[in-house]
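Treat the numbers as computed from the prediction; the structure is a model and nothing was measured. For the single chain, residues carry numbers from 1 onward in sequence order.
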Amino acid sequence: MSWSWVEPFVAIVGLAVITVVSRSFFMIPDRELPLPGWLKRGLKYAPLAALTAVIAPEILMTQGELINTFMDARLPAVVCASAYYFWRRGILGTIVVGMAVYLPLHIGWGW
């Protein structure tokens with residue numbers, strides 16, 4: 001009988017336990033954990049900072065280097081999508097406008 005399934009099984013169970021414990025850490029106490037005011041204010045900006053850290057390199061970099069030309073379809077798409085968002089405040093419309101600008105420039109004109 002082959003025991004090659006033991007290591008992956010132990011790894012999956014271990015990762016599941018670690019995930020459950022780390023995610024439920026703040027739900028275990030009976031009362032709310034006291035946090036300093038500066039930490040509460042800082043945590044309000046954490047999602048925006050994480051989103052910026054993921055999106056900015058995708059827009060401004062190609063293969064690990066900053067883009068060196070304005071003939072990149074991502075730049076006009078970002079400008080148009082941002083303008084739409086500030087005008088209408090709709091996420092779906094922002095995505096549609098950004099892709100409607102990006103796809104013709106990237107696929108059609110080869111930017």
Side-chain angles (χ1 to χ4, degrees):
M1 179 176 201
S2 174
W3 290 90
S4 62
W5 60 273
V6 173
E7 284 184 17
F9 181 77
V10 169
I12 290 171
V13 169
L15 289 171
V17 168
I18 289 171
T19 300
V20 168
V21 169
S22 66
R23 302 252 176 177
S24 66
F25 179 72
F26 291 106
M27 293 185 272
I28 293 172
D30 291 336
R31 59 184 173 83
E32 184 177 334
L33 296 173
L35 295 175
W38 60 269
L39 183 58
K40 286 182 182 178
R41 286 190 307 274
L43 287 175
K44 286 179 13 181
Y45 299 106
L48 180 61
L51 187 61
T52 303
V54 170
I55 292 176
E58 285 296 321
I59 294 170
L60 301 174
M61 299 179 80
T62 299
Q63 297 178 356
E65 296 181 7
L66 288 173
I67 57 173
N68 56 3
T69 179
F70 288 114
M71 297 208 40
D72 192 324
R74 294 174 290 183
L75 298 177
V78 167
V79 170
C80 293
S82 299
Y84 179 86
Y85 179 78
F86 286 116
W87 176 51
R88 298 292 299 228
R89 299 283 184 193
I91 298 296
L92 180 61
T94 302
I95 294 169
V96 169
V97 167
M99 292 308 291
V101 172
Y102 175 78
L103 288 176
L105 290 176
H106 185 69
I107 295 172
W109 290 347
W111 280 21

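Ala77 and Gly98 get closest at one heavy-atom pair: CB-O, 3.4 Å. The two atoms that bring Leu35 and Lys40 nearest to each other are O-CE, 3.7 Å, heavy atoms only.
Following chains of ILVMFWY side-chain contacts shorter than 4.5 Å, one cannot reach Val17 starting from Val20, and the two form parts of different hydrophobic clusters. Taken together through direct or relayed side-chain contacts under 4.5 Å among Ile, Leu, Val, Met, Phe, Trp and Tyr, Val10 and Trp5 form part of one hydrophobic cluster. Note: the hydrophobic cluster containing Trp3 does not contain Ile12 (ILVMFWY, side chain heavy atoms under 4.5 Å, direct or indirect links). Using a 4.5 Å cut-off between side-chain heavy atoms of Ile, Leu, Val, Met, Phe, Trp and Tyr, with links allowed through other members, Met99 and Ile107 fall into the same hydrophobic cluster.
To the nearest 0.5 Å, the span separating CG on Leu48 from OG1 on Thr52 amounts to 4.5 Å.
Grouped with Trp109 in one hydrophobic cluster are Met71, Val101, Leu105, Trp111, the linkage being side-chain heavy-atom contacts under 4.5 Å among Ile, Leu, Val, Met, Phe, Trp and Tyr residues. Grouped with Phe70 in one hydrophobic cluster are Leu51, Ile55, Ile59, Leu60, Met61, Leu66, Ile67, Leu75, Val78, the linkage being side-chain heavy-atom contacts under 4.5 Å among Ile, Leu, Val, Met, Phe, Trp and Tyr residues.
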Donor-acceptor pairs under 3.5 angstrom involving side-chain atoms of residues 87-95: please list them, not counting sequence neighbours.
unit_1 : atom_1 : unit_2 : atom_2 : d
Thr94  : OG1    : Gly90  : O      : 2.6

